[in-house]
Engineer: 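Would you mind keeping the following structure in view while I ask a few things?
Every heavy atom of this structure was used, including side-chain atoms; hydrogens, water molecules and symmetry mates were not. The chain is numbered in sequence order, starting from 1.
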Amino acid sequence: MGWIIRTLVLCFVVGFVLSFLNINPASILTNSWQTIQDIAALLVEAGGWALPYILIGAVVVVPLSLLGLILRWNRSRPPS
């Protein structure tokens with residue numbers, strides 16, 4: 001019973017996302033290559049939109065992550 005509910009929820013989520021992206025079932029079945037190209041174009045567009053935000057966030061997140069990694073590594077070493 002749990003598998004059926006998970007499957008129904010997953011179908012709903014995928015259907016909602018595809019509907020948001022203006023992809024309908026008929027175009028998936030009848031025009032598969034164009035649908036794949038449309039999805040690739042959407043991914044490229046989303047990547048182009050997200051890249052500046054990723055780079056801005058990386059200026060803060062990467063140094064803090066490295067600092068945390070160094071501190072964790074320093075604590076895990078046995079005292080000399």
Engineer: Under 4.5 Å between any side-chain heavy atoms of Leu55 and Leu51, yes or no?
Structural biologist: yes
Engineer: With sequence neighbours excluded, give me every ring pair (Phe, Tyr, Trp, His ring centres under 6.0 Å) pair touching residues 41-72.
Structural biologist: Trp49-Tyr53
Engineer: For Thr7, what residues pass the side chain to side chain contact (heavy atoms under 4.5 Å, CB included) criterion, not counting sequence neighbours?
Structural biologist: Trp3, Cys11
Engineer: How far does CG of Asn22 sit from CG of Leu42, to the nearest 0.5 angstrom?
Structural biologist: 8.5 Å
Engineer: Measure the spacing between CG of Leu69 and CG of Asn74 and express it to the nearest 0.5 Å.
Structural biologist: 11.0 Å
Engineer: At what distance, to the nearest 0.5 angstrom, does CZ of Arg6 lie from CG of Leu8?
Structural biologist: 11.5 Å
Engineer: Looking at Pro63 and Ala58, what are the two nearest heavy atoms and their distance?
Structural biologist: CD-O, 3.5 Å
Engineer: Would Phe20 and Ile39 show up in the same hydrophobic cluster when neighbours are defined by side-chain heavy atoms closer than 4.5 Å?
Structural biologist: yes
Engineer: What's the separation between atom CZ in Arg72 and atom CG in Leu67, rounded to the nearest 0.5 Å?
Structural biologist: 10.0 Å
Engineer: Answer yes if Leu64 and Trp73 sit in the same cluster of Ile, Leu, Val, Met, Phe, Trp and Tyr residues linked by side chain heavy atoms under 4.5 Å apart, and no otherwise.
Structural biologist: no
